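In this text, all values refer to a predicted model and were calculated from it rather than measured experimentally. Heavy-atom basis, side chains included; hydrogens, waters and symmetry copies ignored.
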Amino acid sequence: GVGLLGSPCFEIPLRVGGDGVPPIGSSSDREAGLRRKNRANRVSIAVRLGSDLLIATVAVLILQWAFALSHRHGLWVGALVIAPVPWLLIWWSVLVERAALGFDRLRSRHATLYHPHFWTHERYWKLSLTAALGLFDATPFKAWFLRALGLTVGRRLLDDGCYVVERTMIRIGDDATLGHQSVLQCHSLENSVFRSAPVLLGSGATIGARAFVHYGTRVGRRATL
């Protein structure tokens with residue numbers, strides 16, 4: 001009966017049933033909701049695998065073309081053809097993530113995990129770009145890609161390896177610093193109840209290494225966490 005969060009962990013309130021979210025109900029209601037959720041998950045799996053297969057096929061075709069050109073005209077021609085492939089993979093991932101939301105933004109939600117609101121949010125997680133962003137840590141390019149993914153960020157961001165979970169629900173002011181392995185997370189899943197709310201970081205705010213910023217948090221101007 002106690003919720004725990006963090007490392008070292010601390011207690012979080014379990015407010016299910018008394019905070020506007022109806023209880024899940026009987027076991028039959030739960031089973032029916034789980035079947036609907038599994039159908040939504042299968043769609044997410046199909047979209048994820050389909051998008052990966054498509055871009056992998058395009059990449060292989062480009063590599064085959066580059067190999068043929070290098071055999072006829074020299075290695076430098078093949079290298080020129082191959083050079084855009086990493087950028088193609090990254091921007092394709094950006095496109096898939098934005099398309100998962102219909103090129104819209106995530107909104108604050110309060111529902112059980114059997115509600116379609118949660119399924120939409122969960123599908124966004126499964127189609128999100130993550131690993132490739134780490135290639136641009138502590139460089140100006142990181143802010144470019146975060147903006148492309150829907151994050152609202154000011155000028156001169158220093159992101160030294162922050163994990164930003166819900167990009168479209170976060171606003172960051174100018175001259176902010178995000179520490180190595182810090183986390184900005186706009187959701188919580190407590191006892192089968194899903195909650196999400198925006199995170200705001202004021203101008204000049206600093207989020208220290210491995211710091212964790214949870215949903216609904218506002219970090220003030222020039223504040224340090």
So does Ala209 get a backbone contact from the side chain of His180, meaning a donor-acceptor N/O pair under 3.5 Å? no

Please answer: with hydrophobic residues joined when any side-chain heavy atoms are less than 4.5 Å apart, are Val47 and Ile55 in the same cluster? yes

Report yes or no: do Leu80 and Phe67 belong to one cluster of Ile/Leu/Val/Met/Phe/Trp/Tyr joined by side chain heavy-atom distances under 4.5 Å? no

Hydrogens and angles aside, do Glu97 and Tyr124 bring a side-chain donor and acceptor to less than 3.5 Å of each other? yes

Minimum heavy-atom distance between Asp174 and Arg156, given as atom pair plus value: CB-NH2, 4.4 Å

CD1 (Ile62) and CG (Leu69) are apart, to the nearest 0.5 Å, by 11.5 Å

Side-chain heavy atoms under 4.5 angstrom apart, residues restricted to Ile, Leu, Val, Met, Phe, Trp, Tyr: same cluster for Trp87 and Val94? yes

Might you point out which heavy atoms bring Gly33 and Tyr114 nearest each other, and give the distance in Å? C-CD2, 3.4 Å

Test item: Leu53 and Leu49 side chains (from C-beta on) under 4.5 Å apart, heavy atoms: no

Would a 4.5 Å heavy-atom cut-off, applied to side chains only, mark Tyr215 and Ser188 as touching? yes

Do Asp104 and Thr168 have side chains that approach each other closer than 4.5 Å (heavy atoms only, starting at C-beta)? no

Side chains of Leu146 and Leu157: closer than 4.5 Å at any heavy-atom pair? yes

Residues Arg36 and Arg39: closest non-hydrogen pair is CG-NH2, 3.1 Å

Is the closest side-chain heavy-atom distance between Val164 and Ile170 below 4.5 Å? yes

Flag the pair Cys162 / Val183 as yes when at least one side-chain heavy-atom distance between them is below 4.5 Å, and no otherwise. no

Verify the ring-centre separation between Trp125 and His121: is it less than 6.0 angstrom? yes

Calculate, to the nearest 0.5 Å, the distance between atoms CZ and OG1 belonging to Arg171 and Thr152 respectively. 5.0 Å

Side chains of Arg123 and Ser44, donor plus acceptor under 3.5 Å: yes

Taking every heavy atom of Val81 against every heavy atom of Val85, the minimum-distance pair comes out as O-CG2, 4.3 Å

Take a 6.0 Å sphere around CZ of Arg210 and say whether it holds more than 12 heavy atoms from other residues, nucleotides or ligands. no

On a heavy-atom basis, the closest approach of Val199 and Gly216 is CG2-N, 4.2 Å

Side chains of Phe145 and Ile90: closer than 4.5 Å at any heavy-atom pair? yes

Could you tell me whether the side chain of Ser70 and the main chain of Ala66 form a donor-acceptor pair under 3.5 Å? yes

Candidate pair Phe118 and Val193, rule side chain to side chain contact (heavy atoms under 4.5 Å, CB included), full reasoning: CA-CA 9 Å; Phe118 174 66; Val193 174; over 6 Å; no

Does the side chain to side chain contact (heavy atoms under 4.5 Å, CB included) test come out yes or no for His71 and Val77, once each step is laid out? CA-CA 9 Å; His71 183 70; Val77 176; over 6 Å; no

Contact summary for Ala197 and Ser108, nearest pair of heavy atoms: CA-OG, 3.6 Å

Please walk me through it: do Ile207 and Thr177 pass side chain to side chain contact (heavy atoms under 4.5 Å, CB included)? CA-CA 6 Å; Ile207 306 301; Thr177 300; over 6 Å; no

side-chain hydrogen bond (donor to acceptor under 3.5 Å, both in side chains) with His187: of Arg195, Glu166, Glu122, only one passes, and it is Glu166

Between Lys37 and Leu113, is any pair of side-chain heavy atoms under 4.5 Å apart? yes

Salt-bridge test for Lys142 and Asp137: reply yes if a basic N is under 4.0 Å from a carboxylate O, no otherwise. yes

Quick check on the 6.0 Å ring-centre criterion: do Phe194 and His110 meet it? no

Taking the six-membered ring for Trp, are His214 and Phe212 parallel (under 30°), tilted (30 to 60°) or perpendicular (over 60°)? tilted

More than 12 non-hydrogen atoms from neighbouring residues, nucleotides or ligands closer than 6.0 Å to CZ on Arg218, yes or no? no

Answer with yes or no whether the hydrophobic clustering places Ile45 together with Val43; edges join I, L, V, M, F, W, Y residues whose side-chain heavy atoms lie under 4.5 Å apart. no

Is Phe141 linked to Leu88 within one hydrophobic cluster, defined over Ile, Leu, Val, Met, Phe, Trp and Tyr using a side-chain heavy-atom separation of less than 4.5 Å? no

Counting only heavy atoms from other residues, nucleotides and ligands, does the tally under 6.0 Å from CZ of Arg105 exceed 12? yes

Go through it in stages, so that I can follow the logic: the residues are Leu178 and Ile172, the test is side chain to side chain contact (heavy atoms under 4.5 Å, CB included), and I'd like the CA-CA distance, side-chain angles, deciding distance and then a yes or no. CA-CA 10 Å; Leu178 305 179; Ile172 301 176; 4.1 Å; yes

